[in-house]
Engineer: 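Please see the structure below; I have some questions.
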Amino acid sequence: MNRSIRQEIALFGTLEEQERDDIPFHDKPSTCSRCGKFIPRNASMGWQKDNVQVADLEKAKNDSGGCEVCRMVLNGFMSYQDHVGKAIPLPSSISIKCVPGRSMIVKRGVIKPPSGSENGSTSQEQTSDDILGTQGLEFFIKPDSSCTLTHIGIGRPTSRHLSDNSCTELASQWIRDCSENHLRCRQTHSTIMPSRLIDVGSDDQDPVLVESLELKAQYATLSHCWGKVRPMTTTMSTLSDRMHSIPLNLLPKTFQDTVLLTRKFRLKYLWIDSLCIIQDSKDDWEVESAKMGQIYRGSAITIAATSATDSRDGCFVEKQNWIESVPFETLDVDGLPATVYVQSVSQASHDISHNRLFEDEPLSRRGWVLQERLLSTRVLLYTASELVFECQTDLYCECGEFPFKRSFANADESLRSPTAYPASHQWKVLSLWKDTFARASIWSMTLLRDSSPSFLSILFNLALQYATNNRLLDRPKIFQYWRHIITIYTQRCLTFDRDILPALSGLASLIQPLVLDAYLAGLWREDFYRQLLWCKACSHIRLTADDHALLKSLPFEQINQTFLPYRSRRTTELCPPTWSWASVRGAVSYDGMWTSEGKLEGLAKVLAVHCDLNSRDPTGAVNGGYLTLLAPFAPVKLGFYEESPTSLLQRCHVGDFSCGQNAANHHEHNADCVEWNFEEWAVLDLPWGEEVSIEEFEFWRLQVAFKRPPHLIEMVDYAGQWLLGKLADEIARECVVCYYLLLKRVEGREGVFERVGLFVKRVRLEGEGYPQGETSKITII
């Protein structure tokens with residue numbers, strides 16, 4: 001599935017251009033020289049006019065046969081001025097930009113210099129402080145409006161509070177429409193039910209915990225942050241009380257809100273992890289956590305308390321930067337009364353092409369929540385900006401940006417040919433095509449790198465559907481998705497280190513029977529070599545030297561969750577083997593290594609691999625393990641260690657011993673024996689915390705594989721180096737890329753090592769080869 005949102009790029013023309021091209025119009029009222037209105041020949045085109053004089057619009061106000069757009073804009077201005085206060089003046093000149101049926105934005109006008117002006121004068125925007133503000137005003141009608149105003153967008157006024165009945169009614173409508181009309185989202189009841197559910201009761205009856213294995217009923221689920229305050233739980237000692245009654249007034253605010261919402265959605269049952277799993281029973285926790293994926297997948301609706309930091313905050317947090325819509329009356333094309341809304345244009349955007357949806361909200365920073373969102377068929381997000389609904393088919397937001405202006409539905413629509421546009425606009429189309437294809441190329445090189453969970457969930461579920469129907473021929477794609485899921489997952493936080501693998505087991509357990517592959521501490525055996533090549537992720541956060549020093553000095557519990565994933569440390573509880581990404585608590589990545597396409601060669605031979613499972617769940621927690629490889633192996637020197645405040649990586653250079661001597665020859669290496677690789681950096685898994693310099697220790701490199709060109713171009717490599725222009729192209733066409741694990745010997749255990757980092761060496765085809773080392777049998781724990 002190609003990454004695209006159904007949002008055709010609008011080409012904005014002017015009435016003068018249309019008249020110059022002698023394009024016929026339907027009738028005379030379809031054009032207006034005052035506001036610039038015309039009916040574009042193509043549905044994806046818009047119209048615009050700069051330097052529209054507000055005084056000219058007043059001439060249409062009392063003209064029954066006048067332009068409906070002029071009248072609407074002027075009436076909207078007057079109503080908005082009444083709302084914000086008469087002291088704020090109307091603008092004198094405006095710019096109107098319209099995509100009929102999608103949007104109409106009115107901004108401050110552009111003052112054009114007089115004809116023949118000197119000194120290269122250019123157009124300038126007015127700077128007066130009028131009702132348009134900095135971003136302008138947007139005009140729209142509600143989706144159920146029957147008026148004949150076509151030169152306007154469709155939107156929805158947002159409620160002041162998330163708890164308003166209008167929000168609940170809108171959410172119910174979304175759920176109902178999805179259940180009835182989305183084929184991709186239709187589901188049968190899950191064959192695996194949670195062991196317990198909460199019967200939410202009614203106004204006259206408190207909720208109660210019930211046994212549910214034999215039930216075949218629909219239920220809701222809650223996705224929430226536990227936070228630093230432990231929520232209400234069920235334990236062995238409270239189980240009997242919970243199954244007798246759970247007084248609504250004793251529930252924390254988030255749980256209360258969710259119970260009431262579940263009732264309003266006409267669902268009888270609700271699943272909340274802290275109440276439906278016996279928290280002090282290891283056996284119950286293992287059984288229920290192993291079913292977590294099926295529980296969320298079988299839910300009718302997942303209610304996400306996105307902006308709540310813990311269970312005390314509730315779902316209905318206060319909206320930030322709420323924008324009020326002002327209704328006003330005007331006349332439509334037929335001269336009939338119509339209600340239109342005007343509001344200031346929000347600087348906040350629903351850009352899910354490059355930023356994760358609500359990535360700064362507390363819930364979006366939690367590790368457990370990723371699989372909850374990816375696996376849920378429907379998710380209702382209560383955020384600090386607005387109410388949002390996402391399903392496997394589309395995305396809906398309270399203001400109507402989705403799906404009225406943009407949509408996931410019908411995302412496979414092809415780009416139309418430039419010749420479908422008027423001659424005067426074909427050059428614009430070609431320019432936009434070039435820009436679109438450039439961005440598409442960048443997207444293909446960074447597939448899913450910055451995608452939203454909603455898009456990931458669509459891809460993930462499509463992969464599952466194709467695999468279930470035996471139509472997924474490209475098995476590597478599933479493993480590619482998995483590597484990207486790991487990248488996104490490790491950027492999130494967990495309260496307990498022991499949850500590093502269980503919090504992803506729901507996804508893994510759904511994939512495993514489809515791919516019929518062994519799951520080894522977060523890695524799939526069939527894709528083992530690529531998945532061994534994880535690396536500490538390069539941060540996009542840029543810190544000053546002082547801020548970086550402060551970050552390094554703070555205790556982990558005091559670090560903001562945005563920065564915490566980039567302050568990596570060793571997993572301390574139920575620690576997986578060091579060859580697994582799960583052995584590190586921090587953000588990891590598979591980007592910037594030229595591994596996404598093409599065949600890996602010279603593969604290390606896996607002699608044995610084993611994980612010590614900590615439970616009956618094969619995708620759950622592990623407590624150690626080992627990997628024995630037969631591969632080229634050589635001692636190296638690490639030096640020139642640095643901690644970068646721009647990438648937040650711990651990097652060093654790798655030095656090879658070029659003297660040809662070793663300990664068997666009773667030779668002690670010195671500085672003259674070392675040839676440093678200064679073209680590439682190696683990236684360490686953890687900060688080097690030793691008081692002794694890294695150059696005083698012994699390290700080895702083990703070759704996992706190599707890859708011949710051509711490669712997909714990488715603009716930034718795994719170590720945070722920009723590979724601009726010619727260099728990136730030369731690497732893609734002319735270099736063999738060699739992949740090495742950096743190892744350190746485990747004290748007191750001959751032939752046993754632990755992983756400490758990753759080194760990717762680029763070797764030019766026409767240059768000298770790179771010494772591979774002696775083929776050795778090595779065990780990594």
Side-chain angles (χ1 to χ4, degrees), residues 10 32 34-37 46-50 52-58 60-62 66-109 125-126 128-160 166 319 321-333 335-350 385-386 397-401 404-405:
C32 177
R34 295 190 188 106
C35 66
K37 173 196 74 174
W47 58 265
Q48 67 177 5
K49 183 170 184 178
D50 296 327
V52 177
Q53 300 302 307
V54 174
D56 290 341
L57 301 182
E58 294 180 353
K61 184 175 181 180
N62 300 316
C67 173
E68 79 281 5
V69 173
C70 295
R71 185 187 303 115
M72 178 191 70
V73 171
L74 187 61
N75 288 341
F77 279 179
M78 303 301 291
S79 296
Y80 195 78
Q81 186 185 44
D82 288 342
H83 178 74
V84 298
K86 290 287 188 180
I88 302 178
L90 297 179
S92 59
S93 175
I94 59 175
S95 173
I96 303 177
K97 203 168 189 178
C98 172
V99 183
R102 203 169 80 194
S103 68
M104 173 179 278
I105 305 294
V106 178
K107 293 190 175 183
R108 191 167 292 117
E125 290 189 359
Q126 302 176 70
S128 59
D129 186 15
D130 53 45
I131 63 170
L132 293 177
T134 58
Q135 301 294 316
L137 295 178
E138 178 180 11
F139 291 75
F140 64 91
I141 55 175
K142 296 173 71 172
D144 56 357
S145 175
S146 60
C147 77
T148 56
L149 289 169
T150 57
H151 296 276
I152 195 171
I154 298 176
R156 189 184 291 112
T158 59
S159 301
R160 180 65 184 91
S166 57
K319 284 188 176 181
N321 303 317
W322 175 66
I323 297 177
E324 185 175 5
S325 303
V326 179
F328 65 93
E329 296 299 317
T330 188
L331 299 179
D332 65 12
V333 177
L336 298 176
T339 301
V340 177
Y341 292 83
V342 59
Q343 66 180 25
S344 62
V345 176
S346 171
Q347 292 182 343
S349 122
H350 295 283
S385 56
E386 62 178 334
C397 60
E398 188 183 351
C399 71
E401 176 81 10
F404 301 130
K405 299 177 185 176

Engineer: State the NE2-SG distance between His151 and Cys32, to the nearest 0.5 angstrom.
Structural biologist: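 The distance works out to 10.0 Å.
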Engineer: Roughly how far, to the nearest 0.5 Å, is the CG atom of Asn75 from the CD atom of Glu329?
Structural biologist: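 With rounding to 0.5 Å, CD (Glu329) is 9.5 Å from CG (Asn75).
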Engineer: If you define the side chain from C-beta out and look only at heavy atoms, does anything of Glu68 sit under 4.5 Å from Asp332?
Structural biologist: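 The answer is no, as the side chains (C-beta and beyond) never meet within the 4.5 Å cut-off.
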Engineer: How many angstroms lie between CG in Asp56 and CG in Leu74, if you round to the nearest 0.5 Å?
Structural biologist: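 Asp56 atom CG to Leu74 atom CG measures 11.0 Å (nearest 0.5 Å).
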Engineer: Indicate the atoms forming the closest heavy-atom contact of Val54 with Ser93, along with that distance.
Structural biologist: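 Of all heavy-atom pairs spanning Val54 and Ser93, the closest is CG2-N, 4.4 Å.
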Engineer: Tell me the closest heavy-atom pair linking Val326 and Ser79, and the distance in Å.
Structural biologist: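 Closest approach of Val326 to Ser79, heavy atoms only: CG1-O, 4.1 Å.
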Engineer: So does Lys319 pair up with Glu398, basic N to acidic O under 4.0 Å?
Structural biologist: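 Salt bridge flag = yes for Glu398 with Lys319.
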Engineer: Any chance you could measure Leu137, atom CG, to Gln343, atom CD, to the nearest 0.5 Å?
Structural biologist: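 Separation between the atoms: 9.0 Å.
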Engineer: Hey, what do you get for SG (Cys35) to CZ (Arg71), rounding to the nearest 0.5 Å?
Structural biologist: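 Reported value, rounded in 0.5 Å steps: 11.0 Å.
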Engineer: Assess whether atom CG of Asn321 is packed by more than 12 heavy atoms of other residues, nucleotides or ligands within 6.0 Å.
Structural biologist: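 Counting other residues, nucleotides and ligands, CG of Asn321 stays at 12 neighbours or fewer.
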Engineer: Pair Leu90, Asp130 - check side-chain contact (heavy atoms from CB on, under 4.5 Å), show working.
Structural biologist: CA-CA 6 Å; Leu90 297 179; Asp130 53 45; over 6 Å; no
Engineer: For Cys397 versus Arg156, what's the shortest heavy-atom pair and its separation?
Structural biologist: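 Smallest heavy-atom distance, with atoms named: O-NH1, 3.2 Å.
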Engineer: Please report the interatomic distance CE(Met78) to NE2(His83), rounded to the nearest 0.5 Å.
Structural biologist: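 Spacing of CE (Met78) from NE2 (His83) equals 15.5 Å.
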Engineer: Would a 4.5 Å heavy-atom cut-off, applied to side chains only, mark Val69 and Met104 as touching?
Structural biologist: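 Sidechains of Met104 and Val69: in contact.
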Engineer: Grab the two heavy atoms, one from Arg160 and one from Trp322, that are nearest each other, plus how far apart they are.
Structural biologist: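 What the structure gives for the nearest pair is CD-CE3, 2.9 Å.
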Engineer: Could you list the residues that satisfy ring pair (Phe, Tyr, Trp, His ring centres under 6.0 Å) with Phe328, not counting sequence neighbours?
Structural biologist: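 Applying ring pair (Phe, Tyr, Trp, His ring centres under 6.0 Å) to Phe328 gives none.
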Engineer: Determine whether the side chains of Gln53 and Ser92 contain a donor N or O and an acceptor N or O closer than 3.5 Å.
Structural biologist: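 The criterion, which ignores hydrogens and geometry beyond distance, is not satisfied for Ser92 and Gln53.
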Engineer: State, yes or no, whether a side-chain contact exists between Ile323 and Thr158 at a heavy-atom distance under 4.5 Å.
Structural biologist: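 Side-chain contact under 4.5 Å: no.
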Engineer: Taking all atoms of both residues into account, what is the closest heavy-atom pair of Ile154 and Pro143, and its distance?
Structural biologist: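 Answer, listing the atom of Ile154 first, then Pro143: CG2-CA, 3.7 Å.
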Engineer: Within a strict 4.5 Å, meaning less than it, do heavy atoms of the Leu149 and Thr330 side chains meet?
Structural biologist: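 Yes, their side chains come closer than 4.5 Å.
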Engineer: Could you tell me which non-hydrogen atom of Phe140 sits nearest to which non-hydrogen atom of Ser325, and how far apart they are?
Structural biologist: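 Closest heavy-atom pair between Phe140 and Ser325: CZ-OG, 3.6 Å.
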Engineer: For a 4.5 angstrom cut-off between non-hydrogen side-chain atoms, does Val342 reach Val106?
Structural biologist: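 Of all side-chain heavy-atom pairs linking Val106 with Val342, none is under 4.5 Å.
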Engineer: With Ser166, which residues qualify under side chain to side chain donor-acceptor pair (under 3.5 Å), at least two apart?
Structural biologist: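 Ser166 satisfies side chain to side chain donor-acceptor pair (under 3.5 Å) with Ser159 once adjacent residues are dropped.
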Engineer: Do Ile152 and Cys98 have side chains that get closer than 4.5 Å, going by heavy atoms?
Structural biologist: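 No - every pair of side-chain heavy atoms lies 4.5 Å or more apart.
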